[in-house]
Amino acid sequence: MKLLILDAGHCLSLALAREASRRFDTQLVIEPDTGLTPERLAEVAPDAVIVPPLSHPLSLAPAAVMAHADAVEACLDACLSQDVALVWCVSDQLYEEGFSEPIDEHLVPAPKDAGLRRLVQTGDRIRAEYHRHVIVRLGPLFALEGSHAWLNRIIDSLMAGDEARAAEDVIFCPTSADAVALALVGMLQQLNCGANAWGAYHLAGTEPVSAFGFTSMVRTLLATHLEGRGETVPLGEVKALSHHHDAKLHRVLNCRRVLDVFGVHQKPWRLEVERMLDVWCLARDDGRAPDEGGTP
């Protein structure tokens, strides 16, 4: 199976590259950005195109969100012209106001933000015009390297002794980029072998938590790792922010369908963070950038 991945520096693209390097049944071609023409798609002739997500579209300039939507629709046009499957990963922030219960796939986002509405329009067009699509809604991604990685920024801030500020009133499921890569390859292998299971899926880590809770746990685990290695580092503190003063906003994805259809189990984010910190410590010993595919 050959996959064409867009946006080479994205943390999910790097995770997919690591996953493919461990397999003999998956070949990757990685493009530097999100631009894709029918001519380039015909040249590569992949089985599927994967577009990584804007992990925090609510925090981005509207122009950046609009440009991403335009690029995805250009990918859709290219995939339609070449009959190539399209996989588009999107942020759970499309469910702008959250929901009291875990959010199922059939609940199409209806945000108020103009940029998010533009992304929803792109998703509507994909569903209406092309059967061979997979839209994967993700929780906040975390990884050690690449753009949108989150965890690397938390570690760098804490190690520098800086204050790490994080919201305590938005509840979500942090999602390991490595776990998403593993799941996507498995899903696409089944689709490539004839599974007629196109559509929207939710993919997120287990155990809902706030950004403050996640960041605080990262600090605790980081301190434990350093102390276990005999290091004393004055880590920065974590400060709680509040954006929703009346009640907490719950943005928790129900991931039952991806289990029922593809057999994909969600990975606990705490275990993934611990594994990544093991890799980070080894890389720090070697004085090199962390390779999350390494063996602790």
Side-chain angles (χ1 to χ4, degrees), residues 10-19 21-22 55-56 92 138-168 170-186 203-240 251-253 255 258-259 264-296:
H10 197 287
C11 67
L12 180 56
S13 299
L14 298 176
L16 284 162
R18 287 190 295 273
E19 178 60 25
S21 71
R22 291 189 282 263
S55 296
H56 303 283
D92 63 346
L138 303 173
L141 286 178
F142 64 89
L144 287 176
E145 58 178 341
S147 60
H148 306 273
W150 192 22
L151 180 60
N152 57 354
R153 297 196 305 273
I154 295 175
I155 294 173
D156 290 346
S157 179
L158 294 173
M159 290 294 294
D162 297 333
E163 184 178 74
R165 300 157 63 88
E168 66 173 349
V170 179
I171 308 300
F172 45 51
C173 290
T175 308
S176 161
D178 286 339
V180 174
L182 177 63
L184 286 178
V185 171
L203 188 59
T206 59
E207 189 181 0
V209 69
S210 67
F212 174 74
F214 178 82
T215 305
S216 297
M217 182 55 65
V218 170
R219 186 186 188 281
T220 298
L221 293 173
L222 178 59
T224 301
H225 275 69
L226 293 171
E227 290 169 5
R229 298 159 59 84
E231 297 187 55
T232 302
V233 178
L235 298 176
E237 298 298 325
V238 183
K239 180 179 180 180
R251 192 181 290 135
V252 178
L253 303 180
C255 303
V258 76
L259 173 62
V264 172
H265 290 267
Q266 310 309 296
K267 289 196 174 183
W269 62 261
R270 291 177 193 246
L271 295 181
E272 284 291 280
V273 168
E274 289 196 59
R275 178 185 64 79
M276 290 182 185
L277 285 174
D278 287 338
V279 174
W280 179 84
C281 287
L282 288 176
R284 189 160 171 263
D285 287 344
D286 296 340
R288 57 179 171 81
D291 173 7
E292 294 170 64
T295 302

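Computed from heavy atoms alone, side chains included, the values below leave out hydrogens, waters and symmetry copies. Note that the structure is predicted; figures quoted are calculated from it, not measured.
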Chemist: Who are the side-chain contact (heavy atoms from CB on, under 4.5 Å) partners of His265, not counting sequence neighbours?
Modeler: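 His265: side-chain contact (heavy atoms from CB on, under 4.5 Å) contacts with Leu259.
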Chemist: The criterion is side chain to side chain donor-acceptor pair (under 3.5 Å); which residues satisfy it with Gln266, sequence neighbours excluded?
Modeler: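 Here no residue qualifies.
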Chemist: Does the side chain of His148 reach to within under 4.5 Å of the side chain of Leu141, using non-hydrogen atoms?
Modeler: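 No, side chains not in contact.
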Chemist: Atom CH2 of Trp280 and atom CG of Leu282: how far apart are they, to the nearest 0.5 Å?
Modeler: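 These two atoms lie 11.0 Å from each other.
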Chemist: Does anything in residues 210-220 form a salt bridge (charged side-chain N to carboxylate O under 4.0 Å, His left out)? List the pairs, not counting sequence neighbours.
Modeler: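 Residue pairs with at least one partner in residues 210-220: Arg219-Glu237.
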Chemist: Check the orientation of Phe214 and Trp150. Use parallel for under 30°, tilted for 30 to 60°, and perpendicular for over 60°.
Modeler: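 Parallel.
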Chemist: Side chains of Glu145 and Leu14, heavy atoms from C-beta outward: is any pair under 4.5 Å?
Modeler: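 Yes, side chains in contact.
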Chemist: Are Cys173 and Leu253 close enough that some pair of their side-chain heavy atoms sits under 4.5 Å apart?
Modeler: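 A side-chain contact under 4.5 Å is absent here.
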Chemist: Which atom names give the shortest non-hydrogen contact between Thr175 and Ala204, and what distance separates them?
Modeler: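 Looking at all heavy atoms of both residues, the shortest contact is OG1-CA, 3.3 Å.
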Chemist: Rounded to the nearest 0.5 Å, how far apart are CD of Glu274 and CE of Met217?
Modeler: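 Answer for the CD-CE pair, Glu274 versus Met217, is 8.5 Å.
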Chemist: Could you tell me which residues satisfy side-chain contact (heavy atoms from CB on, under 4.5 Å) with Ala15, sequence neighbours excluded, listed by chain and number?
Modeler: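 Arg18, Ala177, Asp178, Ala181.
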Chemist: Indicate the atoms forming the closest heavy-atom contact of Ala143 with Leu151, along with that distance.
Modeler: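 Ala143 and Leu151 have their closest heavy atoms at O-CB, 3.1 Å.
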Chemist: Over all heavy atoms of both residues, which pair between Glu19 and Val185 is shortest? Give the atoms and the distance, please.
Modeler: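 Reported closest heavy-atom pair: CG-CG2, 4.0 Å.
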Chemist: Which heavy atom of Gly146 sits nearest a heavy atom of Asn152, and at what distance?
Modeler: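 Shortest heavy-atom separation between Gly146 and Asn152 comes out as O-ND2, 3.8 Å.
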Chemist: Return the CG to NE2 distance between Leu16 and His10, rounded to the nearest 0.5 Å.
Modeler: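 Interatomic distance, Leu16 CG to His10 NE2, rounded to 0.5 Å: 10.0 Å.
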Chemist: Can you find a pair of side-chain heavy atoms, one from Ser176 and one from Lys267, that are under 4.5 Å apart?
Modeler: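 Counting from C-beta outward, Ser176 and Lys267 never come under 4.5 Å.
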Chemist: Are Glu272 and Pro174 packed together at the side-chain level, in the sense that at least one heavy-atom pair is separated by less than 4.5 angstrom?
Modeler: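 No. Closest side-chain heavy atoms not under 4.5 Å.
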Chemist: Hey, can you pull the donor-acceptor pairs under 3.5 Å for the side chains in residues 154-162, sequence neighbours left out?
Modeler:
none

Chemist: With rounding to the nearest 0.5 angstrom, report the CG to CG distance, Leu277 to Leu144.
Modeler: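 It is 7.0 Å, given to the nearest 0.5 Å.
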Chemist: Return the CZ to CZ distance between Arg229 and Arg284, rounded to the nearest 0.5 Å.
Modeler: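 Here the rounded value is 7.0 Å.
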Chemist: With sequence neighbours excluded, what pairs up with Thr215 under the side chain to side chain donor-acceptor pair (under 3.5 Å) test?
Modeler: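 Applying side chain to side chain donor-acceptor pair (under 3.5 Å) to Thr215 gives none.
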